[in-house]
Structure formats: C-alpha cells, structure tokens
Novice: 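Provided herewith is a single structure, encoded as structure tokens, for subsequent inquiry.
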Amino acid sequence: MQLTKAYSHKDIESKWYSHWLQSGLFEPAKGAGRYFSIVIPPPNVTGSLHMGHALNNTLQDILCRYKRMDGFRVLWVPGTDHAGIATQNVVERQLAQKGTSRTELGRERFIETVWQWKREAGDLILHQLKALGVSCDWSHERFTMDEGLSRAVREAFVKLWQDKLLYRAQRLINWCPRCKTALADIEVIHEEADGNLWHIRYPLADDPSRALVVATTRPETMLGDTAVAVHPDDQRYKGLVGKNIRLPITGRIVPLIADPFVDREFGTGALKITPGHDFNDFEIGERFDLDKISIFDADARIDAAAFLDRGESGVWIERYRSKDRFEARKLIVAELKEKGFLQKTEAHKLAVGRCYRCQTVIEPYLTPQWFVDIKPLAEPAMSVVREGKIRIIPEGWSNSYFAWMENIKDWCISRQIWWGHQIPAWYCASCEAPNLIQGADGEYRLGKDAKPIVARQAPEKCPTCGGKDLIQDPDVLDTWFSSGLWPFSTLGWPDQTEDLKDFYPTSTLVTGFDILFFWVARMIMMGLKFMGDVPFRDVYIHALVRDEQGQKMSKSKGNVIDPLDVMSEYGTDAFRFTLAAMAAMGRDIKLAEDRIAGYQNFVNKLWNAARFVQMNLGGANSAGADSNTVLDDRDLDFAERWIRSRLAFTIAEARAAIDTYRFNDYANALYQFTWHEFCDWYIEMSKLALNSADAKVAARSRKLLQELLDQILLLMHPVMPFVTEEIWQLLGDNRKSIMVQPYPVAQAGWIDDETEKQMPFLMGVIRAIRNLRTEVNCPPGKEVRAIFCGAAADLAFLHGQESYLRSLARVGAAEFRQAGEPPKGAVTAVVGTMEIYLPMEDLINLDEERARLRKEVGKVEDELARVQKKLANADFLAKAKNEVVHKEREKATQFEEKIRTLRGSLEKIQEIQAGRN
RNA sequence: GGGCGGUUAGCUCAGCGGGAGAGCAUCGGCCUUACAAGCCGGGGGUCACAGGUUCAAAUCCUGUACCGCCCACCA
C-alpha cells in the first residue's frame with residue numbers, strides 16, 4: 001500500500017486498536033521469563049477522561065509497550081473504582097431530577113439503581129482510555145465491587161479484626177452533613193476563609209457581676225460547652241480556676257479549668273470547651289472527663305433531644321430547635337448582643353474544613369465508627385521505603401510520605417452511605433436490643449457499645465444466644481479500603497492464583513501525588529499486611545496537568561481542555577508525544593495547545609520520511625527486492641557510518657531515559673534524532689547514493705534507509721503507537737504487529753568516533769556556505785565557486801565530501817588550497833581553522849560585506865577576550881581540569897586564527913574600495 | 001505555623017558546576033521531484049533579586065520578593 005501524501009489519524013487509530021485487541025496482543029506472553037506488571041490507578045466509575053488520566057495512562061502505556069517489546073511478559077491490569085461517595089452523589093442527583101430520592105427508594109432499590117447506572121454509563125472512561133491507545137489486558141479488567149474484589153475486602157476486614165487492628169468506637173470524627181457520612185482526616189480539605197472572632201462574656205456562677213471573656217469563631221457551639229479553659233500560668237485568671245461559670249443562653253454551670261493547651265496570646269486567653277464539636281476540645285474533655293454534648297443532628301441542625309435527654313430545659317431549646325448551624329450562629333450572636341454578652345466582634349481568618357466530595361463545611365461529630373489501628377501497619381510501610389524496597393521517584397516525595405506516615409492517625413473506615421462494601425459485621429437483634437436505634441430513614445444504627453460479630457459471611461445464628469435475627473452493620477467501607485487492596489485483589493487474592501505468583505509484586509506504580517496518602521500509602525500498608533511483600537517496587541509520581549496559567553483544571557473555572565477533543569483534532573500520537581515531552585520530573589505541566597500542534601507536525605514529518613523511504617524502495621519492501629542485500633559495515637560510506645553511530649547513541653539514550661522515567665528526555669532524544677539528524681541530514685545525503693550509477697551503492701542505501709526507518713518506528717512505538725504501526729504495516733507485507741517486535745538494541749559496532757567528529761565539521765562548513773549565500777542574496781538554485789584554505793587533513797576530508805558540498809550547499813566548483821590570499825570579491829567565513837571564500841564577483845555589495853565582517857570580527861573578539869581572561873588567570877591554569885584548560889587554549893588559537901582571516905578579508909575589501917575611488 | 005516546588009527568549013518549557021537550549025510565535029529567502037503540517041537562513045535572554053562558596057555558577061549554599069502546592073488542633 002502506498003502512503004498517502006499526508007498522515008490522517010482519523011480511522012487509523014481505532015483500526016489498529018481493534019486489531020491489537022483481537023490479536024490478543026495486550027495479554028501477557030505465555031511461558032516463563034522476566035515479567036513487568038502494572039495495576040492501573042482505577043479511575044472512578046463516574047469519571048470521564050481528563051488530562052490527569054491521559055498523562056497517567058500514557059506514561060504507563062509507554063512503559064508497558066517498551067517492556068513488552070523488550071521481551072518482558074507484561075501485564076497491565078485495568079479497571080475502575082466504585083468511588084462510594086462520589087458515585088452515590090451522582091446517582092442521587094439524577095434521582096432528584098426525577099423527583100425522587102435515595103430514601104424514597106430504600107437501600108436495596110437504591111443500590112440496584114446505582115448498579116444499573118454503572119452498567120449503562122459507568123464504563124465510559126474505559127472506552128475513552130482505549131481511544132488513548134492503552135495496552136491494558138482487558139481480560140483482566142476488574143471493578144472494586146465485583147464479586148472477587150468484594151471477597152478480598154471481606155477477607156481483609158476479617159483478618160484485620162482477628163489481628164485486633166480494627167475497632168469500633170465512639171469518637172469525634174469529620175462529618176459531612178450533606179453526604180451524611182463520616183470522613184477520614186485526609187478527606188477533609190482545609191481552606192482559609194473569612195470569619196469573625198466573637199468575644200463573649202461568660203459570667204461567674206457565684207458572682208454574675210464578674211465574667212470571663214472567651215473568643216470563638218463558632219459561637220453556636222456554646223450550646224454544647226461543658227467547660228472554659230485557661231492556661232495554668234496565666235496571671236490574669238489566677239484564683240479563678242476551679243470556679244464555675246454560668247453559660248449565657250443555656251444557663252448551664254460549667255467549670256473553669258486550667259490546661260496548658262490554651263494559648264495565652266490568642267484572643268482573651270480563655271477558651272470555651274465544646275468536646276462534642278471540636279477536636280482540641282474533645283482531647284481536653286477526655287483529660288478532664290467532661291460531658292460531650294452532641295448538639296447537632298446528622299444534618300448539622302440543632303438537636304433539641306440532646307438537651308432534653310440531659311434533663312435541661314428552657315425556652316432556648318425551642319428557639320433553636322432544628323435550626324441549621326449557620327442559622328443558629330446568627331440567632332445566637334443576635335441573642336448574645338441583645339442580652340449584653342457580646343463584647344466585640346472582630347474579623348478573623350480561619351481554616352475551615354470542607355468535604356472533599358461536595359465542599360460542604362465539615363462538622364466534628366460524635367458517632368460510633370470503625371477504625372483501623374494504623375500505627376502497626378504504618379511502621380513496616382515506612383521501613384520498606386527507608387530500606388529502598390520501594391523506590392519513590394522523584395525521591396523528594398518520600399519526605400512527604402514519611403512526614404505523613406509518622407503523624408498518621410487511626411483511619412476511620414466506616415461510611416454512612418449505601419454504595420460500597422457493606423461492613424461484614426452483624427449484630428444479634430436480641431442481645432443488642434438496647435444498642436439498636438432505628439433511624440429516620442428506617443435504617444438501624446448501632447449504639448456505641450454494640451458488640452459486632454465479624455465474619456466473612458452472614459452468620460447463621462448468634463453465637464451467644466443462638467438467635468437467628470441478625471442485623472448487618474448498615475455502614476459501608478471507605479472506598480480507599482478496597483483500593484488499598486487493588487494490587488493483589490485484582491490478581492485473585494485471597495486465592496493463591498497463578499496471576500499472583502506471576503505478577504506480584506507489581507513492578508511500577510504510576511500515579512499523581514494527589515493520591516499519595518489516599519492510595520499509595522494504603523496499598524503499601526495493606527500489601528505488606530496481607531501479602532507479606534511490597535505491592536510494587538517503584539512508585540513513579542508524575543506531575544499534575546494544569547492549564548496555561550498554571551491553574552488546576554476544573555469545570556467550575558471553565559479552563560478544562562478535554563483530551564478527547566485534543567486527540568480528535570491533533571491525533572492521539574501527537575497528544576501522547578506532547579504529554580511525554582512535557583513530563584519532566586518534579587514539575588507541573590502547563591499544557592499549551594500550540595505545543596501539541598507542533599508535535600502533530602512531527603508525526604507528519606515521520607510519515608513523510610516513511611513516504612520517502614517507500615518511494616525509493618520502488619514498491620519494494622522488506623520482503624522485496626533488496627531483501628538479499630546484506631549490509632556490511634565495512635562498505636558503508638561516510639554518511640551511513642555517521643547516521644548509524646547517531647542511531648546507536650539515540651537507542652542508548654532512549655532506553656536509559658525510559659528506564660529512569662525521564663519521559664521528556666526520551667521524547668526529545670527521538671525528536672532530535674528523527675527530525676534533525678535522520679531527516680535533515682541523512683535523508684538529504686542519501687539521495688546521492690540512491691541515485692548512484694553503481695547499483696550496489698544504491699541498493700545498500702535503500703537497505704540502510706529501510707533499516708533506519710524501522711529502528712525509528714520501533715523506538716517511537718511506545719509513545720506513538722498508532723502511526724508507527726500504520727507505517728510499519730504499510731512498509732511490509734504480512735508483518736507481525738510492531739507491538740511484538742524487539743525493542744532496538746544499540747550495537748557497539750555502530751559507534752563511529754571518526755564520523756562523529758567529522759560530520760559536525762562538514763555540517764559547519766555547509767551551514768557557513770548557506771549562510772554566506774543568504775547574506776549576499778545569492779539565489780538558492782545558483783551554484784557557486786568555493787575556495788577552501790586550511791590544514792591538509794581537513795582539506796582532504798572536504799575534498800572527499802565534494803559531492804555533498806554540491807548537493808547540500810550548491811558548490812559548483814571547489815578549490816582546495818593549503819594557504820593563500822583571500823580572493824578578490826569574495827565573501828568569507830571560518831569554520832574551525834578552515835577558511836571559506838565564495839568569490840561572488842559583481843553580486844557582492846562591498847559595503848554590506850564590510851559591515852558584516854566587522855560585526856563578525858567584533859563577536860569573535862569578544863569571545864576571544866573572554867577566553868584570554870580565563871587563560872590569564874593563574875588559578876584557572878592551576879586548578880581547573882587539564883582537559884578544560886586544553887579546550888580553552890584550543891579555542892583561543894581558533895579565535896585568533898578566525899579573526900586574522902576575517903581581518904584579511906576586510907582589508908581586501910578596503911583595498912578594492914580604495915582602488916575604485 | 002511547618003514543609004516542598006517554581007521564577008531561563010514574546011508564549012509553553014528543558015538544562016541544574018566549565019562556550020545559554022527546544023517547540024510555538026517572529027523576521028528574511030525558497031513550491032529544491034518525502035514533507036509549504038515543509039526547506040534554508042536570521043533576530044531575540046545581564047537564566048527573579050541580593051549576598052556567598054569556587055579557578056569557574058543559570059547550575060551549589062544563604063537570604064529576599066513574587067507565584068503555586070502539601071501538611072497542621074491555635075479557639
């Protein structure tokens with residue numbers, strides 16, 4: 001098949017993806033051998049492909065395709081995460097649009113609705129990933145809530161329970177009043193916000209004329225105050241500690257206590273203590289055994305029952321009953337003001353915690369929850385990183401990892417939602433009757449003292465009383481609990497499967513730093529706990545993709561660039577190449593669209609290089625006319641030896657770059673070689689050999705071109721899978737997919753030091769001549785005469801390359817002189833020590849040439865001055881490395897020589913001009 | 001309050017101890033039979049600022065400014 005004039009990515013991409021899929025090429029090769037495995041960071045089922053996914057999966061695919069070609073058995077496990085809260089929110093919003101709700105449906109029907117939604121819309125992102133070209137093994141696709149993974153979750157839960165690493169306790173937790181569930185600490189985003197600091201008078205119980213002033217940002221929580229605290233050494237409150245306070249509004253009598261936690265500098269130095277709604281206060285409450293009043297219900301509205309149950313009374317209870325916390329705040333401030341308790345209000349910036357799923361302000365809330373005793377898991381998880389059993393790349397992130405792990409708090413894993421893994425714990429209806437509370441939604445809630453029966457499956461009967469009425473814990477597990485098992489649950493755990501044996505530990509985890517704690521840390525802890533081994537060897541942490549201004553892309557900001565749009569406009573290969581080229585370590589990616597357009601041109605360049613090769617093969621391909629030609633290294637000409645040598649270096653650099661996750665270096669090395677060495681120079685030079693009268697020379701050139709192109713395609717395939725496969729197939733008949741070809745290996749014999757030195761010299765000469773021609777406006781097609789003066793060896797070399805001088809610089813006739821006078825009416829350039837003169841006769845404008853030469857002399861003089869200054873420095877000569885000094889000396893003589901030559905030409909011009917006048 | 005990263009050509013970014021680079025944009029010349037999505041050539045930067053280490057600093061150290069992240073219980 002003939003290559004078309006320009007590359008069009010449309011159609012080609014999906015064609016090859018289906019082909020690969022149908023050929024089973026994404027599945028790991030059978031048999032033994034080195035393996036390489038990756039588990040995909042499972043995108044949320046609710047997700048659609050964004051730039052972060054695109055980058056993440058492109059990098060993984062580059063690794064997988066490279067390793068696969070390089071002879072590894074590669075398994076890349078794809079799948080999705082059920083994303084408990086996020087998904088539940090999505091489906092709830094849809095229900096709301098239909099005028100119904102989760103509670104109206106009830107738990108069972110709601111869950112069925114979510115499943116249905118998942119089946120219909122949930123795999124969107126996987127289809128989008130396919131468009132990106134990812135070589136995942138889809139026969140291994142998993143979902144965190146499929147049967148196998150659910151079993152793994154129950155197994156893990158039971159094991160943790162048996163090992164006493166799980167417990168249920170009534171604690172202050174982060175509560176989202178909108179999602180109506182507990183959240184783990186890291187699921188709370190702290191954000192600075194403008195607020196007020198209200199100074200409130202708290203009168204002494206035995207002397208209402210005297211009062212302490214407390215400062216608070218949350219006056220509404222005073223309904224739950226059970227103490228006031230000052231610093232023990234605070235002179236201002238000396239003698240008052242131990243006295244009682246009568247709280248405004250509620251009239252509750254609370255003690256004044258002394259605790260060193262209190263900061264004397266802040267506010268008034270007197271701190272109201274609300275153990276039911278503030279984490280610090282909770283701690284102090286524990287120390288002083290204070291009452292913890294939960295003043296809000298699950299919606300964060302004032303819960304009148306909390307007061308009535310304590311035997312409190314008063315009109316205030318009714319006044320605030322069921323008021324939202326922010327409404328209550330306004331009312332309370334108003335009441336305090338009216339009654340003269342409000343001393344002052346000042347503006348104050350504070351950090352408010354928000355739900356990471358819905359941005360609602362978090363309420364510290366006292367409820368019974370399940371926790372993982374995390375310290376025993378965290379210790380070994382730190383050791384494996386410290387000991388290098390897991391490498392975090394770039395290494396800088398390990399600091400964050402350690403910092404977080406060292407200060408880790410017990411992990412709250414229960415969520416009061418419906419979509420997720422329901423906790424495998426049951427309660428006996430009769431034994432736990434006093435602890436069973438039926439909520440407004442009809443669901444049972446378990447009191448803090450309820451005794452769970454933890455089991456893999458629902459027990460038949462209560463082991464204590466034999467009762468058969470068992471109620472499963474209504475809570476589900478944190479989504480990240482199941483994701484934490486992902487590297488082994490996807491491979492079949494808890495069964496001892498072949499996959500586990502073959503592919504665990506996985507090789508590399510590729511992920512963004514935003515889920516380092518959420519996910520990576522948890523996988524390490526869980527992997528060590530349940531598999532007794534690390535879940536992966538390398539963690540490569542890549543950048544975040546931002547917009548051109550460096551802003552995080554988000555729908556609300558409207559600055560989102562949709563990867564699918566980009567792919568359809570510029571082609572997936574160009575897009576992938578861009579991502580790779582920009583994926584420098586430790587830096588965010590600010591994605592500029594014109595950059596992608598630039599790489600689209602590169603794809604096209606490659607395409608046209610292939611066209612050139614194909615045209616010259618004259619329809620012949622790898623199985624064709626030249627197939628019997630064997631390349632003998634000794635036959636290769638100058639250009640051929642040079643390009644092969646460059647290829648060897650490029651292969652080495654490409655491999656080294658991928659091996660160390662320097663994706664940008666990988667992309668750039670290929671770009672540089674393909675465009676600026678292969679296309680710009682070698683292809684142009686090859687045209688001579690291809691047109692050679694010597695059939696053997698032409699055949700050899702065709703053969704080499706073809707080999708070089710193949711090597712380039714192979715090198716490029718991991719990053720640009722589609723266009724490389726298309727060309728690969730167009731250039732050969734019945735070729736096996738490029739996916740399964742061996743990745744290039746640099747041959748030591750290809751490296752050619754001589755041409756590596758000579759070629760830059762030749763390039764310099766050709767560029768100098770082109771430059772001179774442009775300077776004097778010599779028409780591009782016109783051949784010129786050139787006179788070269790320089791060292792004998794250089795002259796001999798240039799003499800040997802005369803044909804290239806003609807084809808690439810349009811030198812019609814060349815003269816080679818050991819030394820000589822600058823010819824009249826010539827323009828001058830110097831390359832190294834080689835003087836180049838182009839006699840231009842009348843074409844030359846003497847004034848312009850004189851100006852040009854003066855400028856050039858000035859430039860070189862500046863450079864010479866800098867070098868001479870260095871060489872005049874005794875310290876430099878004494879302390880710098882010999883080779884550096886030597887280099888500087890060479891430079892100096894070269895510059896001097898150059899100046900001499902240029903001055904000579906300058907004088908010549910002046911002579912001519914003088915002669916004319 | 002701690003910690004991390006950034007500041008290099010008009011824009012987006014590499015480089016991270018020895019002569020300032022790429023892509024895009026820009027200017028000039030070319031439809032040279034692979035490619036005008038191209039070819040050839042050019043212009044453009046006291047590498048944020050101030051100190052220091054070094055024979056030598058964009059590159060290492062310290063500090064400052066401005067951006068951006070992460071962590072944190074100062075009400």
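Residue numbers begin at 1 in each chain, while the letters A, B, ... track the order of the sequences. Because only heavy atoms are used, hydrogens play no part in the values below, and waters and symmetry mates are left out as well, while side chains stay in. These numbers were taken from a predicted model, which means no experiment stands behind them.
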Novice: Check this one for me: any side-chain N or O of A:Lys605 less than 4.0 Å away from OP1 or OP2 of B:rC39?
Specialist: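 True: A:Lys605 side-chain N/O within range (under 4.0 Å) of B:rC39 OP1/OP2.
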
Novice: Using a heavy-atom cut-off of 4.0 Å across all strands, would you classify A:Tyr7 as base, sugar-phosphate, or nothing?
Specialist: base

Novice: Does A:His676 NE2 have over 12 foreign heavy atoms under 6.0 Å away?
Specialist: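 For A:His676, atom NE2 is crowded (more than 12 foreign heavy atoms under 6.0 Å).
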
Novice: If you count every heavy atom of other residues, nucleotides or ligands that lies below 6.0 Å from A:Glu346 atom CD, does the total exceed 12?
Specialist: yes

Novice: Please work out which of the three classes, parallel, tilted or perpendicular, describes the rings of A:Tyr356 and A:Phe518, given edges at 30° and 60°.
Specialist: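 Correct class here is parallel.
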
Novice: Is any side-chain N or O of A:Arg770 closer than 4.0 Å to OP1 or OP2 of B:rG41?
Specialist: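 Checking A:Arg770 against B:rG41: at least one side-chain N or O falls below 4.0 Å of OP1 or OP2.
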
Novice: How long is the line joining OH of A:Tyr599 and P of B:rC24, in whole Å?
Specialist: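 Rounded to whole Å, this separation is 9 Å.
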
Novice: Want to settle it: does A:Asp875 or A:Phe612 sit nearer the 5' end of RNA chain B, counting the closest nucleotide to each?
Specialist: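 Upstream on the strand: A:Phe612.
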
Novice: Using a 6.0 Å cut-off, check whether atom CD of A:Glu395 has over 12 heavy atoms from anything other than its own residue.
Specialist: no

Novice: Any salt bridge between A:Glu653 and A:Arg662, counting N to O under 4.0 Å?
Specialist: yes

Novice: When all nucleic acid strands are considered with a 4.0 Å heavy-atom cut-off, which category describes A:Phe266: base, sugar-phosphate, or nothing?
Specialist: base

Novice: In whole angstrom, give me the gap between the P atoms of B:rA57 and B:rA50.
Specialist: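 Looking at atom P only, B:rA57 and B:rA50 are 15 Å apart.
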
Novice: Under 4.0 Å between any heavy atoms, over every strand shown, what does A:Asn771 touch: base, sugar-phosphate, or nothing? Just pick one.
Specialist: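 Touches sugar-phosphate only.
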
Novice: Could you check whether A:Phe261 gets within reach of a base, just the sugar-phosphate, or nothing at all, counting any heavy atom under 4.0 Å?
Specialist: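 Base: the residue A:Phe261, judged by heavy atoms under 4.0 Å, touches a nucleobase.
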
Novice: Is the number of heavy atoms from other residues, nucleotides or ligands under 6.0 Å of A:Arg287 CZ greater than 12?
Specialist: yes

Novice: By nearest heavy atom, map A:Asp185 and A:His348 onto RNA chain B; which one lands nearer the 5' end?
Specialist: A:Asp185

Novice: With the side chain of A:Thr774 defined as its heavy atoms from C-beta on, choose the nearest nucleotide among B:rG18, B:rA14, B:rG41.
Specialist: B:rG41

Novice: With a 4.0 Å cut-off on heavy atoms, is A:Asn873 in touch with a base, just the backbone sugar-phosphate, or nothing at all?
Specialist: sugar-phosphate

Novice: Reading RNA chain B 5' to 3', how would its secondary structure be written in dot-bracket notation, given Watson-Crick and G-U pairs with both distances under 3.5 Å, brackets [ ] for crossing pairs and | for partners on other strands?
Specialist: ((((((((.[[[[.)..(..]]]].(((((.......))))).....[[[[[..)....]]]]])))))))....

Novice: Indicate yes or no: does A:Glu890 engage A:Lys887 in a salt bridge with an N to O separation below 4.0 Å.
Specialist: no

Novice: Using a strict cut-off of less than 4.0 Å between a Lys/Arg side-chain nitrogen and an Asp/Glu carboxylate oxygen, indicate whether A:Arg264 and A:Asp234 qualify as a salt bridge.
Specialist: no

Novice: Just checking A:Arg773: base, sugar-phosphate only, or nothing, at a heavy-atom cut-off of under 4.0 Å?
Specialist: nothing

Novice: Kindly state which residues belonging to residues 880-889 of chain A come within less than 4.0 angstrom of RNA chain B, counting heavy atoms of the residue only, listed by number.
Specialist: A:Ala880, A:Lys881, A:Val884

Novice: Which ones in residues 673-683 of chain A lie close to RNA chain B, meaning a heavy atom under 4.0 Å from one of its atoms?
Specialist: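 Close to the strand are A:Trp675, A:His676, A:Cys679, A:Asp680, A:Ile683.
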
Novice: What nucleic acid atoms does A:Lys349 come within less than 4.0 Å of, heavy atoms only: base, sugar-phosphate, or nothing?
Specialist: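 The residue A:Lys349 makes no contact with any strand.
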
Novice: Look at the rings of A:Phe517 and A:Trp404 and say which category their plane angle falls in: under 30° parallel, 30 to 60° tilted, over 60° perpendicular.
Specialist: parallel

Novice: So does A:Asn407 get a side-chain nitrogen or oxygen closer than 4.0 Å to the phosphate oxygens (OP1/OP2) of B:rC71?
Specialist: no

Novice: Once you apply a heavy-atom cut-off of 4.0 Å, does A:Gly353 come out as touching a base, just sugar-phosphate, or nothing?
Specialist: nothing

Novice: So, do A:Tyr599 and A:Tyr570 have ring centers that fall under 6.0 Å from each other?
Specialist: no

Novice: Respond yes when some side-chain nitrogen or oxygen of A:His190 is under 4.0 Å from OP1 or OP2 of B:rC71, and no when none is.
Specialist: no

Novice: Only one of A:Lys272, A:Arg325, A:His277 passes side chain to side chain donor-acceptor pair (under 3.5 Å) with A:Thr221; say which it is.
Specialist: A:Lys272

